[in-house]
Amino acid sequence: MRVAVHQGPFAELPGAVAAAGADLVVAAEMITTGYHIGARTHELAEPADGPTAARMSALARETGAALAYGYPEADGEHVFNSVQLIDNAGRRLANYRKTHLFGEIDKDWFAPGTEAVVQADLDGVRVGLLICYDVEFPEMVRAHALAGTELLVVPTALMSPYELVADTLVPARAYESQLFVAYANRCDTERELTYCGRSCVVAPTGEVLARAGAGPALIHADVTRDALVASRLENTHLADRRPELYRGTTA
């Protein structure tokens with residue numbers, strides 16, 4: 001699978017998808033509306049099958065690329081910080097609601113999701129979904145690995161001065177849980193926040209296969225099962241686990 005990450009504004013997403021030549025294009029957290037937008041979060045929220053989803057489905061059909069994108073999801077009285085995965089035929093495959101809310105920005109406007117592992121099969125690859133702060137909890141990534149996730153897709157809105165998350169923590173998560181990670185950040189400014197870019201695609205060996213800088217970028221990398229199998233044979237963290245020793249340590 002050829003994976004691309006679009007690090008740039010929503011208005012440029014259609015052109016990026018068309019130019020990417022990828023099987024899957026991943027975009028940032030809340031890319032459809034902006035992230036740090038206060039009360040507008042609720043004004044702009046849509047159902048998972050709303051107008052924006054219809055636009056994304058049409059884009060996927062037109063370009064032949066699957067899409068993963070962040071948006072504010074309205075469901076009854078609640079609004080969730082969500083990511084949706086759409087296949088290249090325009091079908092909605094999976095929708096994940098951010099479970100670990102970051103500071104007042106998230107907690108003031110979003111309800112927390114309650115499902116830790118959301119996955120879908122895409123072109124023979126088991127794709128899992130997390131959002132931003134979620135990936136900073138090793139339990140979440142390990143849960144995905146144990147549930148069979150091979151490629152973990154993580155739209156994010158990581159701001160300065162937390163570049164170490166993109167540069168150090170994300171490769172560590174890929175290595176310790178032996179899966180591919182596609183981490184898609186923003187690179188703009190909202191209010192007092194400056195998003196630091198540094199989007200990446202990381203192999204289960206911890207090798208960074210593609211890395212963006214601080215500005216707009218479209219990066220690519222190949223995700224293959226052969227590489228995943230080879231890494232898991234050499235780096236046997238999952239096989240060597242001793243769950244009987246860990247009881248009570250996650251509470």
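Keep in mind that the numbers below use all heavy atoms, side chains included, and drop hydrogens, waters and symmetry copies.
- Within the structure, side-chain hydrogen bond (donor to acceptor under 3.5 Å, both in side chains) pairs that include any residue of residues 212-225 comprise Arg2-Asp222, Glu150-Arg225 (at least two apart or interchain).
- Two different hydrophobic clusters hold Val25 and Leu209 under the rule that ILVMFWY side chains link at heavy-atom gaps under 4.5 Å.
- Residues passing the side-chain contact (heavy atoms from CB on, under 4.5 Å) test with Thr189, sequence neighbours excluded: Thr194.
- Of the possible polar contacts, one joining the Asn185 side chain to the Gly197 backbone as a donor-acceptor pair under 3.5 Å is found.
- Listed for the Asp134 side chain is a donor-acceptor partner under 3.5 Å among the backbone atoms of Ile131.
- One hydrophobic cluster, built from ILVMFWY side chains closer than 4.5 Å, cannot hold both Val26 and Tyr69; they sit in different ones.
- The CG atom of Leu44 sits 8.0 Å away from the OG1 atom of Thr32 when rounded to the nearest 0.5 Å.
- When each of Val141, Val181, Val201 is tested with Val170 by the rule side chain to side chain contact (heavy atoms under 4.5 Å, CB included), just one qualifies, namely Val181.
- Residue Pro171 comes nearest to Val208 through the heavy atom pair CG-CG2, 4.1 Å, listed as atom of the first residue, atom of the second, then distance.
- To the nearest 0.5 Å, the span separating CG on Leu24 from CG on Leu151 amounts to 6.5 Å.
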Original post:
How far apart are the C-alpha atoms of Tyr96 and Ser82, what are their side-chain angles, what is the distance that settles it, and do they pass the side chain to side chain contact (heavy atoms under 4.5 Å, CB included) test?
Top reply: CA-CA 5 Å; Tyr96 169 76; Ser82 297; over 6 Å; no
**OP:** Please assess Asp87 against Arg92 for the test salt bridge (Lys or Arg N to Asp or Glu O under 4.0 Å), listing each intermediate value before the final yes or no.
**Re:** CA-CA 7 Å; Asp87 72 8; Arg92 295 185 298 112; over 6 Å; no
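- Leu218 shares a hydrophobic cluster with no other residue; no ILVMFWY side chain has heavy atoms under 4.5 Å from its own.
- Within the structure, salt bridge (Lys or Arg N to Asp or Glu O under 4.0 Å) pairs that include any residue of residues 171-184 comprise Arg173-Glu176 (at least two apart or interchain).
- Here Asp167 pairs with Arg211 in a salt bridge; the nearest charged N to carboxylate O distance falls below 4.0 Å.
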Do any side-chain atoms of residues 112-119 form donor-acceptor pairs under 3.5 angstrom with protein atoms, and if so which ones, sequence neighbours left out?
residue	atom	partner	partner atom	Å
Gln119	OE1	Arg126	NH1	3.2
Gln119	NE2	Ala147	O	3.1
Gln119	NE2	Thr149	OG1	2.8

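- Smallest separation of non-hydrogen atoms from Ile37 and Thr33: CD1-O, 3.7 Å.
- The structure places SG of Cys132 at 11.0 Å from CG of Leu101, a figure rounded to the nearest 0.5 Å.
- Counting non-hydrogen atoms of other residues, nucleotides and ligands closer than 6.0 Å to CD of Glu192 gives a total above 12.
- Applying the side-chain hydrogen bond (donor to acceptor under 3.5 Å, both in side chains) definition to pairs two or more places apart or across chains, those involving residues 17-31 are Glu29-Asn81, Glu29-Lys98.
- Of the inter-residue distances, the one linking Ser177 atom OG with Leu152 atom CG reads 9.0 Å to the nearest 0.5 angstrom.
- Hydrophobic clustering of Ile, Leu, Val, Met, Phe, Trp and Tyr side chains at less than 4.5 Å, counting indirect connections, unites Leu158 with Val153.
- Ser160 and Glu163 share a donor-acceptor pair across their side chains, judged by distance under 3.5 Å alone.
- Residues in residues 1-52 take part in these ring pair (Phe, Tyr, Trp, His ring centres under 6.0 Å) pairs, two or more places apart or across chains: His42-Trp109.
- The shortest non-hydrogen separation linking Leu130 to Pro155 is O-CD, 3.2 Å.
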Give the table of side-chain donor-acceptor pairs shorter than 3.5 Å for residues 54-64, with sequence neighbours excluded, one pair per line with atom names and distance.
residue	atom	partner	partner atom	Å
Ser57	OG	Ala53	O	3.0
Ser57	OG	Gly90	O	2.9
Thr63	OG1	Leu59	O	2.8
Thr63	OG1	Ala65	N	3.4

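- Applying the 6.0 Å contact sphere to CZ of Arg40 captures no more than 12 heavy atoms from other residues, nucleotides or ligands.
- Neither Ile86 nor Leu93 shares a network with the other; the hydrophobic side chains, linked directly or stepwise wherever heavy atoms of I, L, V, M, F, W or Y lie under 4.5 Å apart, form separate groups for each.
- A ring pair (Phe, Tyr, Trp, His ring centres under 6.0 Å) check over residues 142-196, counting only residues at least two apart or in different chains, returns the pairs Tyr175-His237.
- No single ILVMFWY cluster, assembled from side-chain heavy atoms under 4.5 Å apart, contains both Val17 and Val5.
- Across all their heavy atoms, Ala22 and Val3 have their closest contact at CB-C, 4.3 Å.
- A donor-acceptor pair is defined here as one N or O able to donate and one able to accept, closer than 3.5 Å; such a pair exists between the side chain of Thr41 and the backbone of Gly38.
- Through chains of ILVMFWY side-chain contacts below 4.5 Å, Val229 is grouped with Leu233.
- The local environment of CD in Glu244 is crowded, with over 12 non-hydrogen atoms from other residues, nucleotides or ligands closer than 6.0 Å.
- For residues 114-135, the pairs satisfying ring pair (Phe, Tyr, Trp, His ring centres under 6.0 Å) are Phe102-Tyr133, Tyr133-Phe137, with sequence neighbours left out.
- To the nearest 0.5 Å, atom CG of residue Leu193 and atom CD1 of residue Ile105 are 4.5 Å apart.
- Atom CG of Asp123 and atom CG of Asn88 lie 6.0 Å apart (nearest 0.5 Å).
- The two atoms that bring Glu136 and Leu169 nearest to each other are CA-CD2, 4.0 Å, heavy atoms only.
- Residues forming a side-chain contact (heavy atoms from CB on, under 4.5 Å) with Ala172 (at least two apart in sequence, or on another chain): none.
- Listed for the Gln178 side chain is a donor-acceptor partner under 3.5 Å among the backbone atoms of Pro204.
- Shortest non-hydrogen contact noted between Pro72 and Met30 is N-SD, 3.6 Å.
- Without hydrogens or angle criteria, Gln7 side chain to Cys187 main chain gives no donor-acceptor distance under 3.5 Å.
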